[in-house]
2 protein chains.
Amino acid sequence: MSTLVGDAARREPKYYAVKRHLLDIIESLPPGSLVPTERELTVRLGTSRTTVRQALSELVGEGRLVRRQGSGTFVAEPKLSWPLQVSSFTAQATAHGFVPSTRLLESKKVRADEPVAGLLHLAPGAWIYRLERLRLVNDAPMAVETSHLSAERFPGLNTRLRGASSLYAVLTEHYGVVPASAEQTIETAAASPREAELLDTDTGAPMLVLARHSFDANGEPLEWVRSFYRGDRYKFLARLTV
Amino acid sequence: MSTLVGDAARREPKYYAVKRHLLDIIESLPPGSLVPTERELTVRLGTSRTTVRQALSELVGEGRLVRRQGSGTFVAEPKLSWPLQVSSFTAQATAHGFVPSTRLLESKKVRADEPVAGLLHLAPGAWIYRLERLRLVNDAPMAVETSHLSAERFPGLNTRLRGASSLYAVLTEHYGVVPASAEQTIETAAASPREAELLDTDTGAPMLVLARHSFDANGEPLEWVRSFYRGDRYKFLARLTV
DNA sequence: AGCGACAATTGGACTAGACAAATTGTATCG
DNA sequence: CGATACAATTTGTCTAGTCCAATTGTCGCT
């Protein structure tokens, strides 16, 4: 019954004491500094390497430390704030002084599975384009983006996109379609081996997942996009006016 | 040089095979179902309990599983989408059919440290009110919210808030202040022991951290709030119009 | 029938160690 | 001097186990 009260004296895990010790070290050093090795921390703090690594992993996931195999563990740079706007990736990056680039990983015509078909108001099995793109900022991989669009509504999108800078530009110029509204969700997840490899991080690393469902002026769904951002490097920034 | 290319054949960690196996099980069962015990999975998959627990922990962090000591591990309910709006917590909850409640954890007059003072345009050491509140939805703890406001600008806020339903209502009625704009950041973090206890989860559990910096019509900062949401239970939902 | 003690079972925390893979400095050789 | 080979050091992955804490079912007693 008293789940809300909670165990007032839940004891602090041992790894968390290690984490606090490491936070003290981190806050006293500039980014790029070397922190003690795992094995040195085990003897200094009288614990096992497993426990030390648990504390280190959490700090790496929070973007406070960076580990390099064979080299050591270092204090990380602060997170970069990524402005969330309706404009295109390239536009919003340059507007904030970043140097954006994109690598097209895949662009295929496939059949929609149940959830995607529903989101795009199509029958399951309908043909769709599936675009996978790697977004980079200042040459550092930031996010993996997978877009889904109806192939019937946008014939030849595949080839029209080659060489084009922006998907939204192609939609407007060739199909006369302009996104009018969107619904976005933001959640956390752990990186799959594939995402980890593309983003140059570890499997299981914490990610920010942004899913955007955009509609045209008639309220018909245009595209559905899911983007995986490195949670240790980036945070989202939104400006609101009442 | 070729950091972008990446090791095409980075091998999948063993724990991830366990995770995929568990995902198969999860997708074939309704929420609330019992999944095999850790010790059974170790023998069935020919691995160690540590490796099994790593896969389980990731799935718990992603909100796919729930563990109960002494009882077992169960398939979790899907995440709840929490609409992000400028309106107050209570208003936005009831508008979407939820039953909100708030527990005041702390309300103290303290001195502002360097970062908070800067955000509120105050001198370091200036008096501020620090409010800590636990937000609940349908009687389940959702977020821990810590607000900071200038004590000089809002004298007696402390007592005026007792019994009042909404902070924003008090600001408007007693001080004639209306928030006009805000800047929000969203990032990931790991739960501290205190946050974990209040939100009835585990230390180190993945969290969504929302920081809101709101301003009045003159562009002067009004308050700075940091909220920790359980990342395994909730995701943020935003509606955008171009 | 109901209560209480107990034992079995489950997840939680931690340890100690083995071996692999990446990096870096050093010694050696041409 | 420069390139190569090697060894030491560092983090990465995984194992096997101990002990603790919470839950649940069972058995026995009243």
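Labels below follow one simple rule: chain letters A, B, ... track the order of the sequence lines, proteins then strands, and each chain is numbered from 1. What you see is a predicted model, and the numbers here were worked out from it, not measured in a lab.
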### Query
Taking A:R133 as the fixed residue, which of A:V144, A:T146, A:L167 is the one that meets the side-chain contact (heavy atoms from CB on, under 4.5 Å) rule?
A:L167
### Task
Taking only heavy atoms on the protein side, list every residue of residues 29-51 of chain B lying under 4.0 Å from any atom of DNA chain C, sorted numerically.
B:T37, B:E38, B:R39, B:R49
### Task
Answer yes when A:R20 and A:E12 have at least one side-chain N-carboxylate O distance shorter than 4.0 Å, and no when they do not.
yes
### Query
Which is it for A:E223 and A:R212 under the salt bridge (charged side-chain N to carboxylate O under 4.0 Å, His left out) test, yes or no, and what are the steps along the way?
CA-CA 8 Å; A:E223 66 162 350; A:R212 191 175 65 238; 3.4 Å; yes
### Phosphate-side-chain proximity, B:S71 and D:dT24, N/O vs OP1/OP2 below 4.0 Å
yes
Indicate every side-chain donor-acceptor pair of residues 51-64 of chain A with a distance under 3.5 Å to a residue at least two apart or in another chain.
{"unit_1": "A:T51", "atom_1": "OG1", "unit_2": "A:S48", "atom_2": "OG", "d": "3.2"}
{"unit_1": "A:R53", "atom_1": "NH1", "unit_2": "A:E38", "atom_2": "OE1", "d": "3.4"}
{"unit_1": "A:R53", "atom_1": "NH1", "unit_2": "A:E38", "atom_2": "OE2", "d": "2.6"}
{"unit_1": "A:S57", "atom_1": "OG", "unit_2": "A:R53", "atom_2": "O", "d": "2.7"}
{"unit_1": "A:S57", "atom_1": "OG", "unit_2": "A:R67", "atom_2": "NH2", "d": "2.9"}
{"unit_1": "A:E58", "atom_1": "OE1", "unit_2": "A:Y15", "atom_2": "OH", "d": "3.1"}
{"unit_1": "A:E58", "atom_1": "OE1", "unit_2": "A:K19", "atom_2": "NZ", "d": "2.9"}
{"unit_1": "A:E58", "atom_1": "OE2", "unit_2": "A:Y15", "atom_2": "OH", "d": "2.7"}
{"unit_1": "A:E62", "atom_1": "OE1", "unit_2": "A:K19", "atom_2": "NZ", "d": "2.8"}
{"unit_1": "A:E62", "atom_1": "OE2", "unit_2": "B:A190", "atom_2": "N", "d": "3.1"}

Please set out all donor-acceptor pairs under 3.5 angstrom arising from side-chain atoms of residues 23-37 of chain A, sequence neighbours excluded.
{"unit_1": "A:S28", "atom_1": "OG", "unit_2": "A:I25", "atom_2": "O", "d": "2.8"}
{"unit_1": "A:S33", "atom_1": "OG", "unit_2": "A:P30", "atom_2": "O", "d": "2.6"}
{"unit_1": "A:T37", "atom_1": "OG1", "unit_2": "A:E40", "atom_2": "N", "d": "3.1"}

### Message
Just the rounded figure in Å: distance from P of D:dG12 to OH of B:Y15.
### Response
13 Å
### Query
Does B:R135 use its side chain to pair, donor to acceptor, with the backbone of B:E145 at less than 3.5 Å?
no
### Summary
note: B:D202, atom CG; C:dC14, atom P; distance rounded to Å ~ 12 Å
### Query
Can you list the residues that meet the salt bridge (charged side-chain N to carboxylate O under 4.0 Å, His left out) rule with A:R226, with sequence neighbours excluded?
none
### Message
Rounding to an integer number of Å, can you tell me how far B:K14 NZ sits from C:dC19 C1'?
### Response
14 Å
### Counterpart residues, salt bridge (charged side-chain N to carboxylate O under 4.0 Å, His left out), relative to B:K79 (two or more places apart)
A:E187
## Note on the structure
To the nearest angstrom, the CD-P distance between B:Q69 and D:dT24 comes to 12 Å
### Task
Return the residues of residues 53-68 of chain A meeting this criterion: a heavy atom under 4.0 Å from some atom of DNA chain D. Order them by number, or give none.
A:R53, A:R67, A:R68
